[in-house]
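Positions are given from 1, in the same order as the sequence printed here.
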Amino acid sequence: MAGQIEATVETVQRPRLRRLLEYWQARRGDRAIPGRQDIDPLDLSWLLGNISLVDVVHGADGPRYRFRLVGTRAVQRFGYDPTGRWLDDLPEPSYRQHIFKAYAEVLQRCLPLVERLDMLIDERTHDYEILRLPLSSDGATIDMILLAADFFNPDI
């Protein structure tokens, strides 16, 4: 998979991410995008360590992204916890730029997107699929992104 594509039950490879997508779809009902208030963490106990929440802060210079919550498995995997920090603060410039573009695409397309990544970050290979799901408290403006990563080589 090169870049992000629209996430559907057919395009998401990892079963746990497909399950999360189905949950997101059920929670949105007939709306285009559900809100954070529609997501119950207790419903996602089977995936909590892999889930992250990113605040989208809209400003005059464009959106900024702040990590509200980063799952413990992602923190262990990448070796740092960006919870409470801005995307601008991530230490790896190429990965930071990649994430910025991915989040911007979620905002532009207003769709759940999935991506398969096999990247070298801080001299470690990370092979995973990531699902990015838009959330909107007012039903129109994306103000949060719910994401989950599922690693193909989880033992590292």
Side-chain angles (χ1 to χ4, degrees), residues 3-7 12 14-29 31-117 119 121-122 124 126-151 154:
Q4 296 188 108
I5 61 172
E6 183 176 350
V12 176
R14 306 297 285 179
R16 295 187 315 161
L17 297 183
R18 264 195 312 271
R19 185 175 168 191
L20 177 61
L21 175 63
E22 290 168 344
Y23 175 82
W24 180 89
Q25 290 170 331
R27 301 306 294 175
R28 77 178 171 159
R31 298 168 292 165
I33 305 168
R36 167 61 186 91
Q37 68 276 9
D38 299 312
I39 307 298
D40 185 348
L42 295 177
D43 293 341
L44 304 175
S45 60
W46 48 273
L47 192 60
L48 281 183
N50 295 65
I51 290 179
S52 298
L53 289 172
V54 177
D55 289 321
V56 179
V57 180
H58 297 276
D61 294 332
R64 290 189 70 205
Y65 307 98
R66 182 177 39 231
F67 297 98
R68 175 181 288 244
L69 168 77
V70 178
T72 55
R73 288 191 189 105
V75 169
Q76 291 168 347
R77 184 63 174 206
F78 293 110
Y80 56 88
D81 184 357
T83 299
R85 295 191 175 129
W86 294 96
L87 174 59
D88 305 345
D89 298 331
L90 286 184
E92 177 63 42
S94 61
Y95 188 56
R96 182 175 57 239
Q97 185 62 27
H98 177 84
I99 294 172
F100 181 84
K101 287 178 182 177
Y103 292 172
E105 187 176 355
V106 171
L107 296 185
Q108 177 189 15
R109 295 180 66 189
C110 296
L111 293 171
L113 299 175
V114 65
E115 183 175 26
R116 169 77 189 268
L117 293 164
M119 300 181 81
I121 304 168
D122 290 335
R124 291 181 59 202
H126 300 277
D127 184 13
Y128 61 102
E129 185 174 51
I130 187 164
L131 178 63
R132 298 181 180 101
L133 303 166
L135 299 174
S136 173
S137 57
D138 68 4
T141 303
I142 297 171
D143 53 16
M144 187 173 284
I145 299 171
L146 167 68
L147 58 100
D150 201 359
F151 293 91

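L44 pairs by the side-chain contact (heavy atoms from CB on, under 4.5 Å) definition with L20, Y23, I39, W46, L48, I51, not counting sequence neighbours. Shown here are the side-chain hydrogen bond (donor to acceptor under 3.5 Å, both in side chains) partners of R73, two or more places apart in sequence or in another chain: N50. Taking the side-chain contact (heavy atoms from CB on, under 4.5 Å) definition, one finds that T141 meets it with H58, D138, sequence neighbours left out. Partners of S137 by side-chain hydrogen bond (donor to acceptor under 3.5 Å, both in side chains), not counting sequence neighbours, listed by chain and number: D143.
The stretch residues 35-44 participates, sequence neighbours left out, in these salt bridge (charged side-chain N to carboxylate O under 4.0 Å, His left out) pairs: R31-D38. Listed by first then second residue, pairs satisfying salt bridge (charged side-chain N to carboxylate O under 4.0 Å, His left out) with a partner in residues 46-72 read D55-R66, D55-R68, R64-D88, not counting sequence neighbours.
The closest side-chain heavy-atom distance from E129 to V12 is below 4.5 Å. Side-chain contact between I99 and L87 is present, with heavy atoms from C-beta onward closer than 4.5 Å.
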Please set out all donor-acceptor pairs under 3.5 angstrom arising from side-chain atoms of residues 101-109, sequence neighbours excluded.
{"residue": "E105", "atom": "OE1", "partner": "Q4", "partner atom": "NE2", "Å": "3.1"}
{"residue": "E105", "atom": "OE2", "partner": "R109", "partner atom": "NH1", "Å": "3.0"}

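Of all heavy-atom pairs spanning T83 and V70, the tightest one is OG1-N, 3.3 Å. Residue P63 comes nearest to V56 through the heavy atom pair CB-CG1, 4.1 Å, listed as atom of the first residue, atom of the second, then distance.
Within the 3.5 Å criterion, the main-chain N or O of L135 finds no donor-acceptor partner in the side chain of W24.
L53 contributes atom CG, which lies 5.5 Å from atom CG of L146 (distance to the nearest 0.5 angstrom).
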